[in-house]
Amino acid sequence: MTDDAPDGEPRPPRPIATRWILAWAASVAAVAIVVGGLVFGLAAMPPVPTASGARQVETLTQPVEAGEWLKRWAGGESVRVFSFEGLTVARTPWSMFGQGDDDCLFVVADQRIGDDGSIRGPIYTGCRAGSFPATAEFLVGIDSPQQLRDRFGDGTALQFVLDGDVVGVFVGAPVPSPTPTPTTTA
């Protein structure tokens, strides 16, 4: 059997059926989709969980009177102050030590506040950034008020989260650490 026509002329090539052209185009598209998915899947940013798993232990809803030093230092009458286990937790209209110009938190141990309003020791602050709430967090330690240490223990992570006019208090798992050394103040 030959490819010649009955009169001895070579036979013209058969046209390729439309269905084969469509099948070929579909297979190329499928390969492109699979390769694109693989590249995206391998190059995509790995997710980082936004939740810390901390549990809420209290909501600070009852403000206390702000001291004159805090009103002078942190924003006048708009300061909203709460007391929590030997800490002063204040909502301020601006940041004292960083970025932000509204809805900020300020946390300091009562024992570190002098009669003149001076503060000796750590101050924890944070401000709202767009849709992220103002937060302040730290580890309970030797510089923390005794009642805070008694309730949570050294090495426990605490987070304060501003939510409108109230502050949520969250506690994380204790972080093992070496024996702390006291901070000396002059």
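Quick note: numbers below take in every heavy atom, side chains included, and nothing from hydrogens, waters or symmetry partners.
With hydrophobic clusters built from ILVMFWY side chains whose heavy atoms lie under 4.5 angstrom apart, V161 does not share a cluster with V107. Follow the hydrophobic side-chain contacts under 4.5 Å out from V81 and you never reach L87; the two are in separate clusters. No continuous path of hydrophobic side-chain contacts links F170 to V167 [ILVMFWY only; heavy atoms under 4.5 Å]. By the criterion of side-chain heavy atoms lying less than 4.5 angstrom apart, applied directly or through intervening Ile, Leu, Val, Met, Phe, Trp or Tyr residues, F160 is not grouped with L139; the two fall into different hydrophobic clusters.
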Begin with the C-alpha distance, continue with both residues' side-chain angles, and end with the deciding distance and a verdict on side-chain contact (heavy atoms from CB on, under 4.5 Å) for V57 and F152.
CA-CA 11 Å; V57 293; F152 298 107; 4.1 Å; yes
Could you walk me through whether V89 and V169 pass side-chain contact (heavy atoms from CB on, under 4.5 Å), step by step?
CA-CA 10 Å; V89 180; V169 182; over 6 Å; no
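Heavy-atom minimum distance, D165 versus F82: O-CZ, 3.3 Å. Closest of all the heavy-atom pairs between G172 and T156 is O-CG2, 3.5 Å. The nearest pair of heavy atoms linking A90 to V79 is CB-CG1, 4.1 Å. Contact between R149 and V140 at its shortest, heavy atoms only, is CG-CG1, 3.7 Å. Across all non-hydrogen atoms, the minimal contact from P145 to G86 is CG-O, 3.2 Å. Of all non-hydrogen atoms in R128 and A134, the two that sit nearest each other are N-CB, 3.5 Å.
For CG of D150, the number of neighbouring non-hydrogen atoms (other residues, nucleotides, ligands) closer than 6.0 Å is greater than 12.
Residues L148 and L158 have side chains in contact (heavy-atom distance under 4.5 Å, counting atoms from C-beta outward). Counting only heavy atoms from C-beta outward, the side chains of R112 and D143 approach each other to under 4.5 Å. At a threshold of 4.5 Å between non-hydrogen side-chain atoms, the residues Y124 and L105 do not count as touching.
For E137, the side-chain hydrogen bond (donor to acceptor under 3.5 Å, both in side chains) partners at least two apart in sequence or on another chain are T135, Q159.
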